[in-house]
Amino acid sequence: MRRPSDRPSGRTSDRRRSDDHLAGRGTGAAGRGLSAAGLRTGAAGRALAEHRSWTTGLVIGAAALNLVLWNHPTVGAVALVVCVALAVLIILEMLAATATLTRPG
């Protein structure tokens, strides 16, 4: 029988979850700010919010395909593709967060 003291502490998984939550809080705050400024994303924003995993997968897949089809990718090219993909993911997340705050009607 295992005692509670025999279990692993799980500190790394707790830290990882709090980092993910921190990123979500940041994009959520930016989305609330955009919503307060008057930005309305409508049906497109709601679709982004409903299909976050699909849009994330499409952006990562497009970045990977870009690198695979590039003739001679350099370190700079890889860094550029990664930075553009991250920027697109951040923008899409903020737009999705804006849409979840607006109510149709």
Side-chain angles (χ1 to χ4, degrees):
M1 185 163 158
R2 294 183 75 168
R3 295 180 305 216
S5 62
D6 292 339
R7 285 186 280 158
S9 66
R11 289 183 182 167
T12 57
S13 64
D14 291 340
R15 179 179 294 154
R16 190 176 306 132
R17 270 187 258 134
S18 68
D19 289 345
D20 291 342
H21 184 65
L22 181 63
R25 285 188 340 192
T27 55
R32 284 190 300 275
L34 289 172
S35 181
L39 178 70
R40 301 291 180 251
T41 56
R46 285 190 298 275
L48 281 173
E50 291 175 6
H51 303 291
R52 288 179 200 250
S53 60
W54 280 98
T55 55
T56 301
L58 284 173
V59 170
I60 292 173
L65 183 65
N66 190 3
L67 289 175
V68 167
L69 295 178
W70 200 301
N71 285 336
H72 300 288
T74 61
V75 174
V78 172
L80 177 68
V81 169
V82 168
C83 288
V84 168
L86 285 175
V88 169
L89 287 173
I90 290 169
I91 291 169
L92 289 177
E93 190 68 29
M94 285 190 303
L95 292 175
T98 302
T100 58
L101 299 173
T102 60
R103 291 188 173 84

Between OG1 on residue Thr98 and CZ on residue Arg46, distance to nearest 0.5 Å
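If I round to the nearest 0.5 Å, the distance is 12.5 Å.
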To the nearest 0.5 Å, tell me how far Leu95 CG sits from Ile90 CD1.
12.0 Å
Mind checking what makes side-chain contact (heavy atoms from CB on, under 4.5 Å) contact with Ala77, not counting sequence neighbours?
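Testing Ala77 for side-chain contact (heavy atoms from CB on, under 4.5 Å), a comparison that skips the adjacent residues, returns Trp70, Thr74.
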side-chain contact (heavy atoms from CB on, under 4.5 Å) against Leu67, all qualifying residues, sequence neighbours excluded:
Val78, Val81
Indicate, with yes or no, if Val84 and Ile91 share a hydrophobic cluster defined by side-chain heavy-atom contacts under 4.5 Å among Ile, Leu, Val, Met, Phe, Trp and Tyr.
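Yes.
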Assigning hydrophobic clusters by single linkage (Ile, Leu, Val, Met, Phe, Trp, Tyr; side-chain heavy-atom cutoff under 4.5 Å), is Leu48 placed with Leu86?
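No; Leu86 is not reachable from Leu48 via cluster members.
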